[in-house]
Amino acid sequence: MLDIKLIQNDFDTVCEKLRKKKVDEALLEQLRTLSLELKKQRALLEPLQAEQNAKSKLFGIYAKEGKNISELKEELSQNKSKVAFINDIVKELEEKLEAMALVVPNMPDDSVPDGEDENDNVEIRKVLTPRVFNFTPKEHWDIDIKQNLIDFERGVKLSKSRFSVLKNEAARLERALINYMLDFNRSRGFHEVAVPYIVNRETLMGTGQLPKFEDDLFKIEGEELFLIPTAEVPVTNLYRDEILNKEDLPLKMTAYSACFRKEAGSAGKDTRGMIRQHQFDKVELVCITTPEQSEAVFEEMLTCASELLTSLGLPHRHLMLCGGDLGFGASKTVDLEVWLPGQNRYREISSVSNTQDFQARRAKIRFRDDKKNRLVHTLNGSSLAVGRTLIAIMENYQNEDGSISIPEVLKKYM
RNA sequence: GGACAGGUGGGUGAGUUGGCCGAAACCACACCCCUGCUAAGGGUGCAACGUCCAAAAGGCGUUCGAGGGUUCGAAUCCCUCCCUGUCCGCCA
């Protein structure tokens with residue numbers, strides 16, 4: 001959520017920044033008008049409430065002293081209906097404002113480049129050079145034919161399309177990767193947490209998935225509960241409605257979880273293979289910092305994810321997302337894309353974002369800074385998407401005979 | 001899932017014949033003083049959010065699990081929901 005006061009006081013700046021994200025200015029204007037109207041109505045309401053409170057107090061005193069209270073009672077009854085009338089207006093405005101404010105995306109950081117969509121993202125750097133094959137590298141589903149590693153058909157039988165079953169070496173590799181990633185992150189100072197995969201509405205509001213993106217989530221029938229689309233949701237919300245000690249920041253956490261996404265907007269995309277599934281494993285990094293720390297921690301998270309890929313020998317590149325491609329809650333995002341020789345292209349395997357105080361304001365995560373309560377900054381990043389890492393290893397480490405080598409660092413985990 | 005008991009500030013916890021309670025006391029924490037040697041004594045401050053004020057101080061409003069209701073007035077009464085504890089049932 002944006003700072004309403006900022007919209008009130010520095011409207012032009014907010015518009016200017018949100019132009020990068022293609023946000024309708026009329027909506028912002030409406031938001032401002034509404035917030036100012038609410039402020040005005042509150043200013044009308046509060047003196048009336050004060051009067052009601054003061055006279056009600058008098059009422060008690062008069063009654064005790066045996067004074068005549070019928071006149072006072074009449075005044076109070078009349079004032080009561082006035083209060084009720086304006087209070088209704090205020091509540092309605094509050095609800096409208098809240099509903100509107102919750103669907104406005106975060107403002108991009110100044111460092112975010114302009115752009116329409118993913119084609120305008122800016123490559124920052126490449127890490128490791130893709131291996132030169134002396135045969136034509138296969139895509140992961142073709143390698144699989146010989147190895148019997150991923151059972152797409154039976155995944156569909158059990159559930160539906162975009163589900164799959166890992167078998168044999170693939171299942172073991174998946175498990176090894178999770179352990180390796182968690183250990184790696186832990187060695188970088190991230191504390192491991194294990195969190196629920198089913199969360200409530202408030203939690204999803206806190207990180208911004210709701211109310212706008214309900215269609216992307218699997219909902220538990222008959223309950224106000226949802227399957228998490230990423231561990232970012234429960235881990236960030238760990239500190240929802242809390243005021244943290246400044247000395248405890250930054251909080252650096254890592255969590256493994258399964259993730260569940262409807263992929264509602266992805267019809268026809270990546271239908272083949274294991275790139276885009278309804279259920280996938282991910283090891284996530286989540287940090288909670290002071291505003292002063294967040295930029296440095298962002299770099300730390302990015303470095304962690306990138307070096308994790310490097311340690312696995314996987315060539316990748318850093319991509320700064322442009323304004324048009326930036327997610328709803330992010331003020332800044334760098335994607336890591338891994339080289340897939342079978343597909344002959346880079347594909348997203350990690351996404352590190354700073355949401356600054358956007359989630360913190362929604363989730364009311366604050367810290368005490370010399371007697372003042374300030375909003376924290378929250379950051380999240382994958383390190384890494386496990387299924388895609390599995391694919392990347394299959395494609396990058398494939399041999400001509402269809403076998404797959406195991407990266408050195410993973411051997412002790414297998 | 002059933003029965004009973006409860007949900008109050010960072011913690012424990014008082015408050016339940018509605019008004020003097022946004023809230024005693026204790027602990028924790030912060031600052032100050034005293035003392036002087038390792039163990040204590042005294043004082044002050046200490047819920048959140050919003051709003052007014054240039055700011056501080058302070059004033060006002062809202063909030064005692066959430067939402068509604070009764071009332072001039074509700075932490076206190078009524079209703080619904082959520083959660084926690086205990087016992088029972090079920091179960092990895």
Legend entry - Donor-acceptor pair between A:Glu92 and A:Gln41 side chains, under 3.5 angstrom: no
Inset, instruction - Tell me what A:Arg201 touches on the nucleic acid: a base, only sugar-phosphate, or nothing, going by heavy atoms under 4.0 Å. - result: nothing
Inset, instruction - Rounded off to whole Å, could you give me the OH-to-P distance for the A:Tyr239 and B:G10 pair? - result: 17 Å
Inset, instruction - Indicate for each nucleotide in nucleotides 66-85 of chain B, in 5' to 3' sequence, whether protein heavy atoms under 4.0 Å reach the base (B), only the sugar-phosphate (S), or nothing (-). - result: --S--BBS------------
For residues 407-414 of chain A, which side-chain N or O atoms pair as donor and acceptor with protein atoms under 3.5 Å away, sequence neighbours left out?
residue, atom, partner, partner atom, Å
A:Glu408, OE1, A:Lys411, NZ, 3.1
A:Tyr413, OH, A:Asp183, OD2, 2.8

Inset, instruction - Please determine, for B:G58, whether a Watson-Crick or G-U wobble partner exists with both distances under 3.5 Å, and give it or none. - result: B:C52
Legend entry - Shortest non-hydrogen contact from A:Gln343 toward A:Glu395: N-OE1, 3.4 Å
Legend entry - Whole-angstrom distance between B:C79 and B:G10, as gauged at atom P: 30 Å
Legend entry - For B:C20, the Watson-Crick or wobble partner whose two distances fall under 3.5 Å: none
Legend entry - Criterion side-chain hydrogen bond (donor to acceptor under 3.5 Å, both in side chains) on A:Asn53 and A:Ser56, from CA distance to verdict: CA-CA 5 Å; A:Asn53 290 340; A:Ser56 289; 5.8 Å; no
Legend entry - Nearest-nucleotide 5' precedence on RNA chain B, A:Ala63 against A:Glu51: A:Ala63
Inset, instruction - Quick one: sort the A:Phe184 and A:Tyr180 rings into parallel, tilted or perpendicular, breaks at 30° and 60°. - result: tilted
Legend entry - B:G15 and B:G19, which share atom name C1', separated by this distance in whole Å: 14 Å
Legend entry - Residue matched to B:C31 through Watson-Crick or wobble contacts both under 3.5 angstrom: B:G43
Legend entry - Whether A:Tyr197 and A:Phe260 hold their rings parallel, tilted or perpendicular, with breakpoints at 30° and 60°: tilted
Inset, instruction - Could you check which nucleotide pairs with B:G1 in any of the strands shown, counting Watson-Crick or G-U wobble with both distances under 3.5 Å? - result: B:C88
Inset, instruction - Return the nucleotide paired to B:U76: Watson-Crick means purine N1 to pyrimidine N3 with N6-O4 or O6-N4, wobble means G-U with N1-O2 and O6-N3, both under 3.5 Å. - result: none
Legend entry - Which atom of A:Pro137 lies closest to which atom of A:Gln398, heavy atoms considered: CB-NE2, 3.6 Å
Legend entry - Whether A:His278 and A:Phe163 hold their rings parallel, tilted or perpendicular, with breakpoints at 30° and 60°: tilted
Legend entry - Base-contact (B) and sugar-phosphate-only (S) positions in nucleotides 49-56 of chain B, heavy-atom cut-off under 4.0 Å, - elsewhere: SBSS----
Legend entry - Distance under 6.0 Å and angle within 45° of ring axis: A:Lys332 vs A:Phe298: yes
